[in-house]
Amino acid sequence: MSFPLLTATAVLPAVGAVATAAVPAARRTAAKWLALLVSLATLVLAVVVLVRFDPGGARYQLTESHAWISDFGVRYELGVDGIAVALIALTALLIPFIVLAGWHDADPLETGSKRWRPTQGFFALILAVEAMVIISFEATDVFLFYIFFEAMLIPMYFLIGGFGDRAHSGSDENAAAQRSYAAVKFLLYNLVGGLIMLAAVIGLYVVAGNFSLAEIAQARANGSLHMATSTERWLFLGFFFAFAVKAPLWPLHTWLPNAMQESTTPVAVLITAVVDKVGTFAMLRFCLQLFPEASKWATPAILVLAVISIIYGALLAVGQRDIKRLVAYASISHFGFIILGIFAMTSQGQSGATLYMVNHGISTAALMLVAGFLISRRGSRLIADYGGVQKVAPVLAGTFLIGGLATLSLPGLAPFVSEFLVLVGTFARYPALGIIATLGIVLAALYTLVLYQRTMTGPVKPEVSAMPDLRARELLVVTPLIVLLIFLGVYPKPVTDIVNPAVKQTMSDVHKTDPKPAVEAAK
């Protein structure tokens, strides 16, 4: 039997989570180092997956399949295509930076405080989320995917509700109430989506007789499995609703700003750069592959919702006074671009959407982590409490600017390539929606540059006059992300070579081809 590489990639952080939680209370530093070493070892395994994956090979590679609940057709089936490989690599890459950035975020509070921040639990929960996200990207059994799609809500709930942002105005009781509200809202929204998806999963089993993604897709392709039109549409909506909540897509997005605002900065990055990607990934893997006709039927409505997300998120970002809420609404706008690219049903759009998932993860992590370092120094999330930071902390200001420029998709930085592909792919089939979506770029420039101007330029406020610049640990977190943003902005080919074959297969699943250019069509 060959080494179960995919299982090992998911199990290692899960075992690491248990081991980290078991470290004695007095050994906080040991728990941190253990979590960091486990995350780095997981990154090594993810790199091995990346190296062993052949973009020109079979659709699903490194597959594993074992009987699990035979009476109900449930199997332990794993496999990765190019899209999954890219997102596993992204997840494994970001977790060590998240651990390093949160090195002191769960330390005990000041002497005499009645509250205790269990350091071991904080880092164990981060590793648990990593394990569940990775196996969600790997699962090719629908029921197996559903289990971990829902299970990741548990550690996320405790990370949001139990480890809040210290930069909170008001009393400890008010801060705890705000955290509790954000955690419960996150949990309820995603649980409702998950319960609706569970009904669709059961319905899929009734129709197909098993949960194997590959078998169901093959049966649909060769005509041996036929779904009534109404059945396929209802099942599609059940899956899509859950993924749209996770993504998040307007109007199911309202949990995200609260969750990011009340979380510690590393947890905010974990939410929007890692966990939310499971929703958009699942749209490609499950919605389009299992329900191709229903996907085409729902496309016009989904595209309209995606464009609304783009404009709505950007507009609300412009008006924010809280740095974290601004990044949250900017992310809602960016996820609108991703979903727009997926359902534009063009190879450029879907390649751009997949590349956007990777680039958004890197750019949002860079911006949010630097913003977190800034907030930890001043003790406030309010934009109005800053000014003139670039004069006292130029390296912090410079990295903040690069993260912001990546967020507005400046040419030469990674998100530009993906956003350009999404818009080109959308315009080829839906020119009106493509034109409207470009307004999101203008608004992104507005909220990003205004944020930088109000926090980094102008007179130095007394409260920031003694602000220290980035320290060695913080530079170790930010520098690799900045390098990746520049590298993938100039040379995105390593990622596109991996994801493009999977995109072509997805286009084949929905029986779509790229529209011919207008000039060629005129000839």
Note: R377-E463 ion pair, threshold 4.0 Å (strictly below) = no

Pairwise side-chain contact, Q348 with T426, heavy-atom cut-off 4.5 Å (strictly under) | no

Closest non-hydrogen contact found for L443 with I311 is CD1-O, 4.1 Å

Is the distance between the ring centroids of F186 and Y157 less than 6.0 Å?
-> no

Between the side chains of T272 and S331, is a donor N or O closer than 3.5 angstrom to an acceptor N or O?
-> yes

Determine whether more than 12 heavy atoms belonging to other residues, nucleotides or ligands lie under 6.0 Å from atom OH of Y452.
-> yes

All heavy atoms of T20 vs all of A124, minimum pair found to be CG2-N, 4.0 Å

Crowding at CZ, F97 (>12 non-hydrogen neighbours, <6.0 Å) | yes

Steps toward side-chain contact (heavy atoms from CB on, under 4.5 Å) verdict (I95, L270) | CA-CA 8 Å; I95 296 299; L270 188 65; 3.6 Å; yes

How are the rings of F240 and F236 set to each other: parallel, tilted or perpendicular (split at 30° and 60°)?
-> parallel

Using a distance-only test with no angle check, is there a side-chain donor-acceptor pair under 3.5 angstrom linking Y356 and E419?
-> yes

With ring-ring contact (aromatic ring centres under 6.0 Å, His included) as the test, would you mind laying out the steps for F286 and F145 before giving the verdict?
-> CA-CA 10 Å; F286 296 101; F145 168 82; 4.5 Å; yes

Using modelled atom types only, decide if a donor and an acceptor are shared between the side chain of K32 and the backbone of F123 within a distance under 3.5 Å.
-> no

Nearest heavy-atom approach of D469 to L396 is OD1-N, 2.9 Å

Any idea which heavy atoms bring A393 and M467 closest together, and the distance?
-> CB-O, 4.4 Å

What closest approach, in Å, do A131 and A10 show between heavy atoms, and which atom pair accounts for it?
-> CB-O, 3.2 Å

Going by atom types only, do H253 and Y329 share a side-chain donor-acceptor pair under 3.5 Å?
-> no

Considering all heavy atoms, the nearest W255-P248 contact | NE1-CB, 3.9 Å

Exam field: side chain S333 to backbone G313, donor-acceptor pair closer than 3.5 Å | no

Do F335 and S309 have side chains that get closer than 4.5 Å, going by heavy atoms?
-> no

Roughly how far, to the nearest 0.5 Å, is CD of Q453 from CD of Q390?
-> 10.5 Å

In Å and rounded to the nearest 0.5 Å, what is the CG to OG1 distance from L485 to T407?
-> 8.5 Å

Quickly, which of I134, T91, T364 forms a side-chain contact (heavy atoms from CB on, under 4.5 Å) with V274? Name it, please.
-> T91

Kindly check if the number of other-residue, nucleotide or ligand heavy atoms within 6.0 Å of CZ (R454) is above 12?
-> no

Step through the shown structure and confirm whether more than 12 heavy atoms of other residues, nucleotides or ligands are within 6.0 Å of CZ on R473.
-> yes

Taking R325 for its side chain and Q320 for its backbone only, find out whether a donor-acceptor pair lies under 3.5 Å.
-> no

Is any side-chain heavy atom of D81 less than 4.5 Å from a side-chain heavy atom of R285?
-> yes

Taking K246 for its side chain and D276 for its backbone only, find out whether a donor-acceptor pair lies under 3.5 Å.
-> no

